[in-house]
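Structure first, then comments.
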Amino acid sequence: MCADTPEYKDTLNLPETDFPMRAGLPKREPEWLARWERIGVYDKLREKEGRVPFVLHDGPPYANGHLHIGHALNKVLKDFIVRSQQMLGKDARYIPGWDCHGLPIEWKIEEQYRKKGKNKDDVPVIDFRQECRKFAEGWVDIQRDEFKRLGVTGNWADPYLTMAYHAEAVIADEFMKFLMNGTLYQGSKPVMWSPVEKTALAEAEIEYHDHKSHTIWVPFRVVSGAEGDLAGARVVIWTTTPWTIPSNKAVAYNPKIAYGLYRVEATEEESWTNAGDLYVFADALAEDALGKSRVTEFARLRDVTGDELGALTLSHPFAGIEGADGFWDYEVPMIDGDHVTDDAGTGFVHTAPSHGVDDYECFVKRNWLTRMTHNVGEESEFLPHVPFFAGLQVFDRKGKEGKANNAVIAKLVEAGGIIARGRVTHSYPHSWRSKAPVIFRNTPQWFAAIDAKLDDGMGDLGDTIRGRALRSIDELVEWHPKTGRNRLYSMIEARPDWVLSRQRAWGVPLTCFTKKDTLPTDADFLLRNAEVNARITAAFEEHGADVWYTDGFKAQVLDGIANPDDYDQVFDVLDVWFDSGSTHAFVLRDRADGAPDGIADVYLEGTDQHRGWFHSSLLQACGTKGRAPYRNVVTHGFTLDEKGMKMSKSLGNTIVPEQIVKQYGADIARLWVAQADYSADQRIGPEILKGVADSYRRLRNSMRFILGNLAGFDDSARVEPADMPELERWVLHRLAQLDHKMRTGYDAFDFQGVFQALFNFCTVDLSSFYFDVRKDVLYCDGDDSLERRSAQTVLDILFHRLTTWLAPILVFTMEEIWLERFPGDDSSVHLVDIPATPADWLDEPLAAKWAVVRHSRRAVTAALEVQRTEKVIGASLEAAPVVHVRDAEVLDILKSVAFEDVCITSALTLTGDPSPNEAFRLPEVDGIGVVFEKAEGEKCQRCWKIQPDVGTHAHPDTCARCNDALG
RNA sequence: GAACCUGUAACUCAGUGGUUAGAGUGCGCGUCUGAUAAGCGCGAAGCCGAUAGUUCGAAUCUAUCCAGGUUCACCA
């Protein structure tokens, strides 16, 4: 190299771009968001004509609190679907929604009241509801901003809210369809009840404290179904709630437990048992129970099997008792129940279906709901019809023990219905608010009968809600992943009737009236009148559901139709799942941008929604539309920390979207979603995010290379594929393959597959092969070189494919890249479609040929690596290897391509001569040997290839190609 | 407790009865210095959660166990 060698660098076509290597996403993303808002990208897409609508119906998040990672995952997945379907040619609409009613918000407002020393019960219900509404509104605004920041597109200006007046009107209207079609009925069900506040409580309102309870062992006499010695025996139960004994309706056992028949042989002086008494216990607990009963000696006579127990009928301990007027003279069946254990008690569970959840479930399963008792009132007092105990309370108005328990125990003693008693301190539910203990108490509730025959003209799939739901699952819906089908199917198959009512304030009321002095079983119990319903709906449209609570509303809607004094207005509110289950009506059906047939193409939520929104939407729609409101159900798993553990504040392993957006940018959060298998539980944490950011940088640099080498390229330089070198046509072939992969992947919601294919392509095919090989041509060839123009044409094609293929995922970065090439006020990658790929790009024979080329190349690069390690060469251009090829066919292939260019060497000799012993061989590349030679000649100061002719041309220190290029 | 799901390199994932289990990332080493807070090459790294079966043969099928997750609520 001489001092007078010209500086040739300036004569090269080196990459030129302002596109920065480092993204600065957290700072720049908001600018693009503002730009899309200004252009009105979402609305502009709606103006495109002649497109088939595609509707992903948004499952509404609850308007309460900042977004967590699960929200981000969910909305980003939805965004992938909406954007990819749009760019594949559909009109993909997306109306975000929010669930606004419900206990958690009610609770927050109550909490504010408590801080101010106010009491919810002193506030007019409408005022309370207004505060809930304001609270929800506030969070809708916050969450909307947080979702938008993640790059999620949609009709954010006009989302749907379950508390909008129209929504409330439709929810009531949908409810009244159940009223009119006969599936609505009043029943009862045990709930946690606070006698102090006289209200039902949710689990969230319960805290557990130690509580000292009575314990009693109560024998139930066998009256029938027994063989031999069992006939004279008594089955002993144990309970900590003596007050529920008057409401006993069954005794439960578990066939998996070992039971025995025991005879008392001797007792202490003071004992409620006598020698000769026969009792049945679980073997594991017999000794304990007999000891407590002051039995000093006993004998185990024999096993008692589950079958024997199941056949027994018992009598209530108060059966035949004087003064009860036969109140307890009913049969007490033995029932089997999985909830029965032999950890504590006797192995038999006293079952009062009105005062225990397990007990109730057992009765529901057996269809015994008519056997429910109604013995205990709002203040935990026995109702007037209960002999001996009427008026006695379990807990008084301050939450202290009332007289009920002791009265029941005293009566049991009197009736000989107790063999032992004691006290136990155990964890017991208390009201969060009053700290007073609660009871399970059955309360009137409204149900939708899901097995009732419907005569509504929508019987294509069956004439019951359950039947239609089950057939919808199998015949009308695709499940992604498939396991979702089984999950929902078995739930629907087994579920009891839908409890629609909640004794709450913030929700849509059950808009119905009951006739005074009638029973729920009477035909005229419920007022069913279309005109009344229409008035209610109209009033809700105008004023919202609050109007239900205004004075005189009953009189107003019943005016001229029924006498208001004859009817009671129901003030329960609907289960919020009924609200969200009705979104298909007030969104898909009623909105101009809803679905043409009122059925969504996709519902997408977490797997927990099998019991939630998928479930309630299905039941609701089967009752009102006769079928499922969706065609595809996509579910995603939960997001765990890096070790696969649940995120929790106490573990300090939580990651919130805001944090990712601040540190890395929303595109990184989105890329994390794309690279994860969302159908299972995913993990996230610092290391994983760092990995995602690394992948992002790699991809970004590939795009930067494309941009840099397209500088100055214009369409006049474009080359037709037929005229391109094989290497370029091979890239087109790969693009055709990827186009297929990408379209099928997006249609199957397989974003991981799409991203992995594209990312692999960028690193393996482009960065380390095509780009590396073509750098020479791109940098050094003259402007009119066919090879260079071909490469640029391919880069241009790559640009259009990669930006649009990735635009649904990396919404910000692809826009940045797009604008780098196509600046302009209204320009946006999100306004264009994914380009069609000509069928003739696919060229399998060519691909097979180039697979051989690349395979052979590996042997050469590996051979060079040996010399590099030995410090013989640095750059591969210093080499001119001799490649011995055994197979003539392979030799022909390699000879037909510029193999030295492919291997990035200055020269390369191909020969069919046998490989000499010293030749380098790679075990996995059979039949190729490489003999290393250094390239001969001088280094061209322009292209750095070492060629014999360098220095013989007009331009000093150049090779022939460069000399020509310099002109 | 019950039902269901998941478990393959440090990380994200392929691989569903058939040679020594793959890819990308990361890591280590080398190299280039005209993609440069980049690019290229090479390399190390896995008892395929554990155990026991079925089979000529198991990451793959079966059972049990372990770990983690989801669901069983007037919570959304």
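Note that these values count all heavy atoms, side chains included, but never hydrogens, waters or copies made by symmetry. From a predicted model like this one, the values you see are computed outputs, not experimental measurements. Lettering of chains follows the sequences in order, A, B, ..., and the numbering in each one begins at 1.
- Among the protein residues, A:Val576 comes within range of the sugar-phosphate backbone only, with heavy atoms under 4.0 Å from sugar or phosphate atoms but none that close to a base.
- Classified by interplanar angle (parallel below 30°, tilted 30° to 60°, perpendicular above 60°), the ring pair A:Tyr603/A:Trp613 is parallel.
- Nucleotide B:A2: paired with B:U71 (Watson-Crick or G-U wobble, both distances less than 3.5 Å).
- Relative orientation of the A:Tyr779 and A:Phe705 rings is tilted, given thresholds of 30° and 60° on the angle between their planes.
- Cation-pi check for A:Arg485 over A:Trp479 is not met; the charged atom does not lie both under 6.0 angstrom from the ring centroid and within 45 degrees of its normal.
- Heavy atoms of A:Leu12 sit under 4.0 angstrom from at least one base atom.
- Between the side chain of A:Ser767 and the base of B:A35, at least one donor-acceptor pair of N or O atoms lies under 3.5 Å.
- Within 4.0 Å (heavy atoms only), A:Arg700 reaches no atom of the nucleic acid at all.
- Closest to the side chain of A:Ala676, from the set B:G69, B:G41, B:C13, is B:C13.
- Checked against B:A37, B:U70, B:G39, the side chain of A:Arg22 finds its nearest nucleotide in B:A37.
- Across all strands, A:Phe759 comes closer than 4.0 Å only to sugar-phosphate atoms, never to a base (heavy-atom distances).
- Mapping A:Glu642 and A:Arg858 onto RNA chain B by nearest heavy atom places A:Glu642 at the nucleotide closer to the 5' end.
- Here the side chain of A:Lys646 is nearest to one of B:U71, B:C13, B:G69, namely B:G69.
- Taking 4.0 angstrom as the limit, A:Tyr8 places none of its side-chain polar atoms (N or O) nearer than this to OP1 or OP2 of B:G34.
- Taking a pair to require two hydrogen-bonding distances under 3.5 Å in either a Watson-Crick or a G-U wobble arrangement, B:U12 pairs with B:A23.
- Of the candidate nucleotides B:U25, B:C75, B:U31, B:U31 has the atom lying nearest to any side-chain atom of A:Arg868.
- As judged by a 4.0 angstrom heavy-atom cut-off over every strand, A:Ala680 is placed among residues making no nucleic acid contact.
- Using a 4.0 Å heavy-atom criterion, one finds that A:Lys643 contacts no nucleic acid atom at all.
- A:Trp498 is linked by a ring pair (Phe, Tyr, Trp, His ring centres under 6.0 Å) to A:Phe578, counting only residues two or more places apart in sequence or in another chain.
- Listed candidates were B:U70, B:C11, B:G30. Nearest to the side chain of A:Phe638 is B:U70.
- Using a 4.5 Å heavy-atom cutoff, the side chains of A:Leu810 and A:Leu699 are in contact.
- In the set B:U36, B:C75, B:U70, B:C75 carries the atom at the smallest distance from any side-chain atom of A:Arg502.
- The residue A:Arg683 sits close only to the backbone: its heavy atoms come under 4.0 Å of sugar-phosphate atoms, none of a base.
- Closest contact between the side chain of A:Gln752 and the listed nucleotides B:C13, B:A37, B:C40 involves B:C13.
- With centroids closer than 5.5 Å and planes inclined by less than 30 degrees as the test, A:Trp944 and the base of B:G34 pass as a stacked pair.
- Residue A:Gly708 is out of contact with every strand shown, counting any heavy-atom pair closer than 4.0 Å.
- Within the 4.0 angstrom heavy-atom criterion, base atoms lie near A:Lys9.
- Both tests hold for A:Arg821 against A:Phe799: distance to the six-membered ring centre under 6.0 Å, angle to the ring axis within 45°.
- The phosphate of B:U25 (OP1 or OP2) has a side-chain N or O of A:Arg698 nearer than 4.0 angstrom.
- A:Trp672 comes within 4.0 angstrom of no nucleic acid atom, judged by non-hydrogen atoms across all strands.
- Partner assigned to B:G7 is B:C66, using Watson-Crick or G-U wobble distances below 3.5 angstrom.
- Relative to the side chain of A:Asp694, the nucleotides B:U33, B:U25, B:U12 differ in distance, and B:U25 lies closest.
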